[in-house]
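Computed from a predicted model, the values in this text were never measured in an experiment. The analysis underlying the following values was restricted to heavy atoms, covering all of them including side chains, and did not include hydrogens, waters or symmetry mates.
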Amino acid sequence: MVHLFRTSLGVMALAAATVGLGGGAQAAKGPFLAHQALYDLSLVKSRSNSVNSARGRILYNFTGNACEGYTSEFRQVSELDSGEGKVTLSDLRSSSWEDAAGKSYRFNIETRMNEADAGRVDGSAERDGDHINVKLKLPAPKTFTLDGKIVFPTEQIQRIIAAANEGKSLLELSVYDGSDDGQKVYNTLTVIGQPIPADRATASDPSISDEHMKSLKRWPVTVSYFDREAQQKEGEQTPVYAMAFELYENGVSRQLVLDYNDFVISGAMGKFDVKDSKPCN
C-alpha cells in the first residue's frame with residue numbers, strides 16, 4: 001500500500017494543476033486559474049480485499065504566472081485500513097516550482113508513514129539542450145542526466161490540454177516529478193475523450209457552480225503511469241497506477257478516480273477557491 005503515497009505526486013500534477021503558456025504549437029490556450037482545491041478521498045473498491053476502507057484529503061494550492069513561473073503546494077493525508085487492526089497513515093507534503101517554458105524545475109517532498117521518520121527528497125532539474133541535468137540534495141547528494149524528451153509535471157498538463165484542444169485522443173509522454181527517491185521517471189499514456197459541454201454535469205461540486213468555470217468545456221481524461229526502468233528491462237506494460245478525471249481547459253480537474261491496481265480511490269472536490277493572480281508584465 002505504500003505505493004499509494006509514493007506515487008501521489010502524479011495526483012499533485014494532474015488533480016488540480018494549472019499551467020502556463022509555453023512556446024510553439026504545444027502551448028495550451030489561457031488564461032489559467034490560480035486557485036486552491038480540496039479533495040475528499042474514499043475507497044471505491046478493493047480488487048484483492050487488501051483494503052477494507054480508506055479516507056483522506058488532498059489540499060492543493062497553485063500560484064504564479066508565465067513570467068515568474070508556477071508554484072504548487074500539495075498535501076495529502078490518507079488512512080488505509082487493511083483489516084485486523086492494520087491501519088496505514090500517510091502524510092505527504094510537497095512544494096515545487098517550474099518555469100513556464102518547462103526548462104527549470106525545483107522540488108521538495110516529505111513523506112511520513114505512521115510513526116516512522118519522514119522521508120525527504122529535495123532537488124532541482126535544468127534542461128540543457130538535448131538532456132536534463134538533475135541535482136539532488138536529499139535523500140543523498142547526487143547528480144545525473146536524463147533524456148531531454150522527458151517533461152516536468154506542469155508541461156505534462158500543458159501538453160494534455162493542447163492535445164485535447166487539437167482533438168487528439170492519445171498522448172505519450174515520459175515524466176519526471178522528483179518522486180520516490182528523486183530518480184524515478186514514468187512513461188505515461190493519456191487517453192482523452194470527447195469534450196463535455198459546459199452545461200452538462202453528472203454530479204455537482206464547487207467547480208461546476210463557480211462563475212469562473214461555468215462557460216468552460218472539459219474533457220474526460222485517463223493517464224496511466226508506467227515504470228520506465230521496468231519497461232526497458234522487462235518489457236513491462238502494466239501501469240503502476242492510473243488516474244481518471246475531467247480536465248477543464250483552464251487546468252482545473254474534478255471527479256478524480258485513482259486506480260492502484262489492488263484498489264481504487266475516488267477524490268471528490270469538497271472546496272474550490274479562486275485566488276488573486278498577479279498579471280504577467
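A cation-pi contact, defined as under 6.0 Å to the ring centre and within 45° of the axis, is absent between Arg75 and Tyr60.
For the residue pair Ser90 / Ser78, no side-chain donor-acceptor distance below 3.5 Å is found, with atom types taken as modelled. In summary, the side chains of Asn187 and Ser174 do present a donor paired with an acceptor at a separation below 3.5 Å, with no hydrogens or angles considered.
For the atom pair CD of Glu98 and CD of Gln158, the computed distance is 8.5 Å after rounding to the nearest 0.5 Å.
Salt bridge Lys184/Asp227: present, at least one basic N to carboxylate O contact under 4.0 Å. We find that Asp273 and Lys275 are not joined by a salt bridge, their nearest charged nitrogen and carboxylate oxygen being 4.0 Å or further apart. Salt-bridge check for Arg47 with Asp259: passed, with a basic side-chain N closer than 4.0 Å to an acidic carboxylate O. A salt bridge links Arg254 with Glu246: the closest approach of a Lys/Arg side-chain nitrogen to an acidic carboxylate oxygen falls below 4.0 angstrom. Comment: Arg106 does not engage Glu126 in a salt bridge, judged by the lack of any side-chain N to carboxylate O separation of less than 4.0 angstrom.
At a threshold of 4.5 Å between non-hydrogen side-chain atoms, the residues Val151 and Arg159 count as touching.
If you run salt bridge (Lys or Arg N to Asp or Glu O under 4.0 Å) between Asp40 and each of Arg57, Lys271, Arg55, only Arg57 comes through.
Aromatic pair Tyr186/Phe226: ring centres not closer than 6.0 Å.
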